[in-house]
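Contents: one structure, followed by commentary.
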Amino acid sequence: MAEHSSSRAYWKANLRVIGISLAIWFICSFGMGIILRPALSGIMVGGADLGFWMAQNGAIYIFIILIFVYTKVMNKLDREHGVEE
């Protein structure tokens with residue numbers, strides 16, 4: 001029974017990390033690149049407005065950063081629950 005609850009806690013934490021990562025990526029790519037683009041048109045980044053820059057470059061950079069953050073967080077979570085490789 002303890003192993004089952006530990007496994008549930010692990011997957012609950014895992015899904016929370018995935019959900020937060022997807023929410024951040026959604027906000028940066030779809031939110032800032034499409035929905036908020038008109039509001040961000042006055043902020044210049046690299047010669048283009050911030051909404052365009054996020055749609056073209058920023059979402060990719062955020063995704064790469066999220067990969068490294070996810071790896072670090074999941075390694076810590078694996079150690080806490082005793083399932084590290």
Side-chain angles (χ1 to χ4, degrees):
M1 182 74 175
E3 184 177 320
H4 182 65
S5 65
S6 175
S7 140
R8 276 204 139 142
Y10 174 76
W11 281 108
K12 185 177 179 181
N14 187 1
L15 292 175
R16 184 179 33 139
V17 170
I18 291 171
I20 290 169
S21 298
L22 287 174
I24 291 170
W25 193 31
F26 177 81
I27 289 167
C28 291
S29 62
F30 189 74
M32 294 179 78
I34 297 172
I35 296 174
L36 297 175
R37 187 167 187 271
L40 300 172
S41 64
I43 303 169
M44 300 302 283
V45 175
D49 65 87
L50 181 59
F52 179 79
W53 188 86
M54 284 303 291
Q56 298 301 312
N57 300 319
I60 296 168
Y61 294 145
I62 296 297
F63 182 66
I64 291 170
I65 291 167
L66 282 174
I67 289 171
F68 288 106
V69 170
Y70 176 80
T71 303
K72 185 174 181 175
V73 170
M74 285 307 297
N75 283 337
K76 180 182 175 198
L77 191 65
D78 289 349
R79 279 192 303 276
E80 288 175 2
H81 289 273
V83 292
E84 71 269 26
E85 295 177 359

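Computed from heavy atoms alone, side chains included, the values below leave out hydrogens, waters and symmetry copies.
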Query - Sequence neighbours excluded, every pair satisfying salt bridge (Lys or Arg N to Asp or Glu O under 4.0 Å) that has a member inside residues 57-69 - result: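 Those involving residues 57-69 do not exist here.
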Query raised in the report: Which pairs count as salt bridge (Lys or Arg N to Asp or Glu O under 4.0 Å) when at least one residue sits in residues 21-37, sequence neighbours excluded?
Result: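 Sorted pair list: R37-D49.
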Report task. Answer yes if V17 and I27 sit in the same cluster of Ile, Leu, Val, Met, Phe, Trp and Tyr residues linked by side chain heavy atoms under 4.5 Å apart, and no otherwise. Result ->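 No, V17 and I27 fall in different hydrophobic clusters.
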**Report entry** Path from V83 to L77 over hydrophobic side-chain contacts below 4.5 Å
**Finding:**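 Yes; tracing contacts between hydrophobic side chains, which count when under 4.5 Å, links both residues.
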Query - Pairing residues for I64 by the side-chain contact (heavy atoms from CB on, under 4.5 Å) criterion, not counting sequence neighbours - result: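 For I64 the side-chain contact (heavy atoms from CB on, under 4.5 Å) partners, ignoring immediate neighbours, are I60, F68.
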**Report entry** By side-chain contact (heavy atoms from CB on, under 4.5 Å) - contacts of F30 (at least two apart)
**Finding:**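 By the side-chain contact (heavy atoms from CB on, under 4.5 Å) rule, F30 matches F26, I34, I35.
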Query raised in the report: Is F52 isolated, or which residues cluster with it under the ILVMFWY side-chain rule of less than 4.5 Å, directly or via members?
Result: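 Hydrophobic cluster check, F52: no partners found.
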What distance separates [X] [atom1] from [Y] [atom2], expressed to the nearest 0.5 Å?
| X | Y | atom1 | atom2 | answer |
| --- | --- | --- | --- | --- |
| I43 | M32 | CD1 | CE | 7.5 Å |
| M74 | R79 | CE | CZ | 11.0 Å |
| L66 | C28 | CG | SG | 7.5 Å |

Query raised in the report: Do M54 and V45 have side-chain heavy atoms sitting under 4.5 Å apart?
Result: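 Side-chain contact under 4.5 Å: no.
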Report task. Please collect all side-chain hydrogen bond (donor to acceptor under 3.5 Å, both in side chains) contacts where either partner lies in residues 10-31, sequence neighbours excluded, each pair once. Result ->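 As it turns out, the side-chain hydrogen bond (donor to acceptor under 3.5 Å, both in side chains) pairs with a partner in residues 10-31, which skip direct neighbours, are Y10-D78.
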Query - Qualifying side-chain hydrogen bond (donor to acceptor under 3.5 Å, both in side chains) pairs, either residue in residues 51-74, two or more places apart - result: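 Pairs touching residues 51-74 that pass the test: none.
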